[in-house]
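Heads up: the structure comes next, in structure tokens.
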2 protein chains.
Amino acid sequence: MAGNSTRGQIVEAADELFYSHGFGQTSFADIAAAVQISRGNFYYHFRTKDEILDAVIDKRLADRETLLAKWDETSDDVLRRIECFVKIVVVNQAKIMAFGCPVGTLTAELAKLDHPSRERANSIMALFRDWLTRQFEELGCKENAAENALHVLGWSQGVATLAQAFKDEAFVQREVAQILAWVDEAIPESAG
Amino acid sequence: MAGNSTRGQIVEAADELFYSHGFGQTSFADIAAAVQISRGNFYYHFRTKDEILDAVIDKRLADRETLLAKWDETSDDVLRRIECFVKIVVVNQAKIMAFGCPVGTLTAELAKLDHPSRERANSIMALFRDWLTRQFEELGCKENAAENALHVLGWSQGVATLAQAFKDEAFVQREVAQILAWVDEAIPESAG
DNA sequence: CCAGAATTAGGACGGTTGACCTAATTCTGA
DNA sequence: TCAGAATTAGGTCAACCGTCCTAATTCTGG
């Protein structure tokens, strides 16, 4: 499962190709060529394209879980943790401007394909939603923690979509600042 | 160019198929089958897949221009016009929950394909942006009309993305109400 | 050292794709 | 009416797709 194993390399290459070119437009040959292995070797590790997709989704889920867990560990300030999330769109600005959000675009593509793994892909989005919900709960939001989480998540998705369409760095900076300001205002009075 | 001509029927079917299944996953045969014509007839009207895409983009551009022009004509209340735009996501809720926003998802897909018509697809998004900018200017926003336009457009895109992922009607209703409330607050004091 | 498992290489398959062609049919205007 | 243009039908093509197979090679434990 490590990144230097053949299987790991395949999943890593597939992950990037699915992101940069889309799942449907990435062929077995594309991935095999990226890893520089034969198609037969490829077939030994993954018998169908759907199996690769599932492995990629697993990797993306694990990667995001690791990232969120790291934030949970390294910072006991809730606002700072939420800030880390919101700023993903700035940290990964170049890639997002080129290919959009990896989670949002995969979700959209699999929906159009009516793909069996559609729900599994959505669970990455749900991972963010649930993590954000926990942050807002910790922030003191009682009933509307889930609503706030969806708000921030949706807002971020919108920023990513327009970032890709218009490549407007100032827009991204502005919106991120606005989201953070909104989060500040979302702190209940009882907290603070 | 009319909808009942063969060419018009092809473009209409392609428009819907590109939306519901994606451009890359829609084949010549799919479109021909939807219109119930032979592949040869199809080839007479469109020699390449890219030609169909361009025609679909033209149709979408024209459709949106017509829609925006209708709003401009039928209502001289700027707030009401912006409301019409924001509520697209409610009016088309069912389709958006199934396939996302037609404009946003096409933009995202063509970016991944690095398709020549990518910029033309983006111009549909730009059409919305520019129209919204004009509305905010008319609302009295001097310098930040363009920023407000991008804000509302991006917000709507985010709502569409999450609507597709989570199929949460209440979320859509909530966000639309929030956007409208935000627009109200965006009115400069000199106006009102 | 060697047997057997794990891994890799690369050919082959049926099906589909976008693209192209020719022939038949229908429409249109002089 | 009829010649020519416009349109439709359907076959064909090479290339590529995902999938599957067998044979060669490398790794591993006893």
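So that the names make sense, note that chain A is the first sequence line, chain B the second, and so on, each numbered from 1.
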Problem set entry | Where at least one partner belongs to residues 36-67 of chain B, residue pairs that pass ring pair (Phe, Tyr, Trp, His ring centres under 6.0 Å), sequence neighbours excluded | B/Phe28-B/Phe42

Exercise. Separation of B/Arg7 atom CZ from C/dC27 atom P, in whole Å?
Worked result: 20 Å

Problem set entry | Residue list, salt bridge (Lys or Arg N to Asp or Glu O under 4.0 Å) with B/Arg60, at least two apart or on another chain | B/Asp15

For this session: Would you mind listing every salt bridge (Lys or Arg N to Asp or Glu O under 4.0 Å) that reaches into residues 162-182 of chain B, with sequence neighbours excluded?
Result: A/Glu147-B/Arg174

Exercise. 5'-most contact on DNA chain D: A/Tyr43 or B/Gly40, nearest heavy atom basis?
Worked result: B/Gly40

Problem set entry | Non-neighbouring partners of A/Lys49 that pass salt bridge (Lys or Arg N to Asp or Glu O under 4.0 Å), sequence neighbours left out | none

Exercise. Any side-chain N or O of B/Thr48 less than 4.0 Å from the OP1 or OP2 oxygen of C/dG18?
Worked result: no

Exercise. Is the NZ or CZ atom of B/Arg64 both under 6.0 Å from the centre of the six-membered ring of B/Phe128 and within 45° of that ring's axis?
Worked result: no

Problem set entry | Residue list, side chain to side chain contact (heavy atoms under 4.5 Å, CB included) with B/Ala146, at least two apart or on another chain | B/Thr133

For this session: Just grab all the ring pair (Phe, Tyr, Trp, His ring centres under 6.0 Å) pairs involving residues 56-80 of chain A, residues at least two apart or on different chains.
Result: A/Trp71-A/Trp131

Between the protein and nucleotides 12-14 of chain D, which nitrogen or oxygen pairs are less than 3.5 angstrom apart?
from   : atom 1 : to      : atom 2 : distance (Å)
D/dT12 : O4     : B/Arg39 : NH1    : 3.0

Exercise. With the threshold set at 4.0 Å, does a side-chain nitrogen-carboxylate oxygen contact exist between A/Lys87 and A/Glu83?
Worked result: yes

Side-chain donor-acceptor pairs of residues 93-115 of chain B under 3.5 Å, sequence neighbours excluded:
from     : atom 1 : to       : atom 2 : distance (Å)
B/Thr105 : OG1    : A/Lys112 : NZ     : 3.1
B/Thr105 : OG1    : B/Cys101 : O      : 2.7
B/Thr107 : OG1    : B/Val103 : O      : 3.0
B/Glu109 : OE1    : B/Phe23  : N      : 3.0
B/Glu109 : OE2    : B/Phe23  : N      : 3.2
B/Glu109 : OE2    : B/Gly24  : N      : 2.8
B/Lys112 : NZ     : A/Tyr19  : O      : 2.5
B/Lys112 : NZ     : A/Phe99  : O      : 3.2
B/Lys112 : NZ     : A/Thr105 : OG1    : 3.1
B/His115 : ND1    : B/Ser117 : N      : 2.9
B/His115 : NE2    : B/Asp50  : OD1    : 2.8

Exercise. Does A/Tyr44 place a side-chain N or O at less than 4.0 Å from the phosphate oxygens OP1/OP2 of C/dT8?
Worked result: no

Exercise. Is any side-chain N or O of A/His45 closer than 4.0 Å to OP1 or OP2 of C/dT8?
Worked result: yes

Which atom pairs link the protein and nucleotides 25-29 of chain D when you take only N or O atoms and keep those under 3.5 Å?
none

Exercise. Heavy-atom contacts under 4.0 Å between residues 20-33 of chain B and DNA chain C, which residues?
Worked result: B/Thr26, B/Ser27, B/Phe28

Seminar exercise, completed: B/Asp63 meets the salt bridge (Lys or Arg N to Asp or Glu O under 4.0 Å) criterion, sequence neighbours left out, with B/Lys59

Seminar exercise, completed: By salt bridge (Lys or Arg N to Asp or Glu O under 4.0 Å), B/Asp58 pairs with (sequence neighbours left out) B/Arg120

Seminar exercise, completed: Atom CZ of A/Arg47 and atom P of C/dC13 are separated, to the nearest Å, by 19 Å

Seminar exercise, completed: A/Ile37 CD1 to C/dT8 P, in whole Å, measures 7 Å

For this session: Please check the phosphate of C/dT7 (OP1 and OP2 only) for any side-chain N or O of A/Asn41 closer than 4.0 Å.
Result: no

For this session: Report the distance from atom CZ of B/Phe42 to atom P of D/dA9, rounded to the nearest whole Å.
Result: 13 Å

Exercise. For D/dG10, does OP1 or OP2 lie under 4.0 Å from any side-chain N or O of B/Ser38?
Worked result: no

Problem set entry | Nearest-Å distance for atom pair NZ/P, residues A/Lys49 and D/dC20 | 15 Å

